[in-house]
Amino acid sequence: MMFTIQHTLRFLYSGPVFVEPHTIRLRPRSDTAQQVIRFRLSVDPEPAGISHILDLEGNSASHVWFNGMHDRVTIMAHSEIETFRTDPFDFVLSPLDATHLPMSYLDPLSTLLQPYRTRQATADDVDSLSRDIFRKADGQTIPFLQTLCHTIARDFQKVARKSGDPLHPSQTLADRRGACRDLTVLFMEVCKTQGLATRFVSGYTGASDHDDDLELHAWAEVFLPGGGWRGYDPVQGVAVTDNHVALAASPLPQGAAVVHGTFRGTGVTSALEYEVSIHTSLHGSQYIGGASSS
């Protein structure tokens, strides 16, 4: 599938401020599932400097810094990407005992994956959900992931929540609703109860039943021996294929933020406006969508 994505963010300040260095993760990653064909990043006001880097997780990022004082910063990213994965199960779990949970990674994987297996919020209700899914999946790894993904998509309402960190999984369980980042964190925490390594992904998705998926989207990736990192979207209830474009991934949601930075100013307030347009094409068909907020 071919994606053309235009993503604009405007940080507006009520008065001139000193804009501290910002880290921007708006360049889609290039790997075996997707490749960037073209990418253009523009920042206004013109930065004093810009450095294109790989961050700790191997995400492509741009580090920008500014001189003087400004009352707004506009970041615009234009991306053209081709996605390839049509079969999310084109692998064989190896060794054989990886087919059943709890997952036990062999060294050196066990050591390397420890940050992705560490639970961020232990809770009895999360453990209870995990046991229920485990029973339904007869303890098998892939059925567990599919059942968990389908259960969250079916039983939890997707809502738009424009700002704020992901909710505690227990809060999402109690509410039976959440933004994509809330449902993703819940999915991740349930996976970790079974020893599975997971990470949080920021990106985009094409046409779906959720209008706000035309904005920035979130889902999870699970590390499966023999399959590597494999995506699961608990909002759509699917294993990720070529309808998703990944920007950044991290064991913590903060590490996959598309823009991170601060400003200095006395008595100054800030606001964020954004616009996203996504154009996809496949075998001659086209889909165009867009979203904006202020």
Side-chain angles (χ1 to χ4, degrees), residues 56-57 98-105 109-203 210 212 216-225 229-240 248-257 260:
L56 179 64
E57 298 297 320
T99 60
H100 285 77
L101 299 172
M103 180 63 68
S104 179
Y105 298 100
L109 275 180
S110 179
T111 300
L112 294 172
L113 291 172
Q114 190 56 43
Y116 304 91
R117 302 170 66 195
T118 302
R119 294 182 65 178
Q120 302 302 313
T122 58
D124 291 341
D125 48 2
V126 174
D127 294 342
S128 178
L129 175 59
S130 176
R131 289 191 296 268
D132 182 53
I133 300 297
F134 182 91
R135 286 192 297 269
K136 291 178 179 177
D138 197 25
Q140 299 180 71
T141 302
I142 300 303
F144 177 90
L145 292 169
Q146 291 177 278
T147 303
L148 175 60
C149 197
H150 293 162
T151 297
I152 294 176
R154 182 193 65 215
D155 296 346
F156 290 72
Q157 180 186 1
K158 166 70 186 301
V159 298
R161 194 163 58 84
K162 302 301 182 183
S163 62
D165 292 333
L167 298 177
H168 189 286
S170 292
Q171 184 67 54
T172 303
L173 272 172
D175 294 343
R176 311 300 285 184
R177 64 203 297 265
C180 59
R181 59 190 180 280
D182 305 319
L183 302 182
T184 295
V185 167
L186 172 61
F187 177 92
M188 292 171 61
E189 290 301 313
V190 175
C191 287
K192 290 175 185 178
T193 67
Q194 298 294 337
L196 290 161
T198 68
R199 63 183 185 180
F200 186 97
V201 183
S202 294
H210 303 282
D212 55 340
L216 195 66
H217 191 52
W219 62 93
E221 287 180 337
V222 182
F223 191 88
L224 298 172
W229 290 109
R230 295 285 168 154
Y232 287 86
D233 186 341
V235 173
Q236 298 184 14
V238 298
V240 169
S250 174
L252 299 175
Q254 297 89 331
H260 180 268

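Quick note: numbers below take in every heavy atom, side chains included, and nothing from hydrogens, waters or symmetry partners.
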Colleague: Gln120 and Lys192: side chain to side chain contact (heavy atoms under 4.5 Å, CB included), yes or no, with the steps?
Modeller: CA-CA 9 Å; Gln120 302 302 313; Lys192 290 175 185 178; 3.9 Å; yes
Colleague: Does the side chain of Ser110 reach to within under 4.5 Å of the side chain of Arg117, using non-hydrogen atoms?
Modeller: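 Heavy-atom side-chain distance check passes, below 4.5 Å.
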Colleague: Which heavy atom in Ala256 sits nearest to a heavy atom in Ala248, and how many Å separate them?
Modeller: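 So the minimum-distance heavy-atom pair works out to CB-O, 3.8 Å.
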Colleague: Out of curiosity, Ser130 OG to Arg135 CZ, how far, rounded to the nearest 0.5 Å?
Modeller: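 Between atom OG of Ser130 and atom CZ of Arg135 there are 9.5 Å.
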Colleague: Measuring from Ile133:CD1 to Thr151:OG1, what's the distance to the nearest 0.5 Å?
Modeller: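 Those atoms lie 3.5 Å apart.
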Colleague: Measure the shortest side-chain to side-chain distance between Pro225 and Met103 over non-hydrogen atoms and say whether it is less than 4.5 angstrom.
Modeller: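 Yes, close enough: below the 4.5 Å cut-off.
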Colleague: Considering non-hydrogen atoms only, spot the tightest contact between Phe134 and Leu101 and give its length.
Modeller: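 Scanning both residues, the minimum pair turns out to be CE1-O, 3.7 Å.
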Colleague: Can you confirm whether Ser250 sits close enough to Phe200 that some side-chain heavy atom of one is under 4.5 Å from a side-chain heavy atom of the other?
Modeller: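 No, too far: nothing below the 4.5 Å cut-off.
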Colleague: Should the ring pair Phe187 and Tyr232 be called parallel, tilted or perpendicular, given that the plane angle runs from 0 to 90° and is split at 30 and 60?
Modeller: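 The rings of Phe187 and Tyr232 lie parallel, inter-plane angle below 30°.
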Colleague: Testing the basics here: between Thr184 and Ala220, what is the closest heavy-atom pair and its distance to 0.1 Å?
Modeller: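 Closest pair (atom of Thr184, atom of Ala220, distance): CG2-N, 3.8 Å.
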Colleague: On a heavy-atom basis, which atom in Arg181 and which in Pro166 lie closest, and how many Å separate them?
Modeller: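 Distance-wise, the nearest heavy atoms are O-CB, 3.9 Å.
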Colleague: With sequence neighbours left out, write down each residue that passes side-chain hydrogen bond (donor to acceptor under 3.5 Å, both in side chains) with Ser163, or none if nothing qualifies.
Modeller: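 Checked Ser163 against side-chain hydrogen bond (donor to acceptor under 3.5 Å, both in side chains); zero matches.
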Colleague: Are the side chains of Val185 and Leu167 in contact, using a 4.5 Å heavy-atom criterion?
Modeller: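 Leu167 does not reach Val185 side chain to side chain.
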Colleague: In Å, rounded to the nearest 0.5 Å, how long is the span from CD of Gln236 to SG of Cys180?
Modeller: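 Rounded to the nearest 0.5 Å, the CD-SG separation comes out at 10.0 Å.
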Colleague: Would one find more than 12 heavy atoms of other residues, nucleotides or ligands at under 6.0 Å from atom CG of Asp124?
Modeller: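 Incorrect, the count does not exceed 12.
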Colleague: Roughly how far, to the nearest 0.5 Å, is CG of Leu183 from CE of Met188?
Modeller: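 Interatomic distance, Met188 CE to Leu183 CG, rounded to 0.5 Å: 13.0 Å.
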Colleague: Taking the side chain as C-beta and beyond, is there a heavy-atom pair between Leu145 and Leu196 under 4.5 Å?
Modeller: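 In short, these two side chains touch, coming nearer than 4.5 Å.
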Colleague: What's the spacing between Thr172 OG1 and Leu186 CG if we round to 0.5 Å?
Modeller: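 Between Thr172 OG1 and Leu186 CG, I get 6.0 Å after rounding to 0.5 Å.
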Colleague: Please tell me if the side chains of Trp219 and Val238 come closer than 4.5 Å, counting only heavy atoms from C-beta onward.
Modeller: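 Side chain of Trp219 against side chain of Val238, heavy atoms only: no contact under 4.5 Å found.
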Colleague: With a cut-off of under 6.0 Å to the ring centre and 45° to the axis, is Arg177 in cation-pi contact with Phe156?
Modeller: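 No cation-pi geometry.
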Colleague: Side chains of Glu189 and Thr193, heavy atoms from C-beta outward: is any pair under 4.5 Å?
Modeller: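 The answer is no, as the side chains (C-beta and beyond) never meet within the 4.5 Å cut-off.
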Colleague: Looking only at heavy atoms, which two atoms of Tyr105 and Gly195 are closest? And how far apart?
Modeller: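 Taking Tyr105 first and Gly195 second, the nearest heavy atoms are CE1-O, 3.2 Å.
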Colleague: Please report the closest heavy-atom contact between Ala249 and Val201, naming both atoms and the distance.
Modeller: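 Minimum heavy-atom separation between Ala249 and Val201: CB-CG2, 4.0 Å.
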Colleague: Is there a salt bridge (Lys or Arg N to Asp or Glu O under 4.0 Å) between Lys136 and Asp132? Walk through the geometry before answering.
Modeller: CA-CA 6 Å; Lys136 291 178 179 177; Asp132 182 53; 3.3 Å; yes
Colleague: Is the shortest side-chain heavy-atom distance between Thr122 and Val126 below 4.5 Å?
Modeller: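 They are not in side-chain contact.
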Colleague: Under the side chain to side chain contact (heavy atoms under 4.5 Å, CB included) test against Phe144, which residue among Ile142, Leu148, Thr147, Thr141 passes?
Modeller: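 Among Ile142, Leu148, Thr147, Thr141, the one meeting side chain to side chain contact (heavy atoms under 4.5 Å, CB included) with Phe144 is Leu148.
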Colleague: Taking His150 for its side chain and Gly237 for its backbone only, find out whether a donor-acceptor pair lies under 3.5 Å.
Modeller: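 Flag set: sc His150 to bb Gly237 pair under 3.5 Å.
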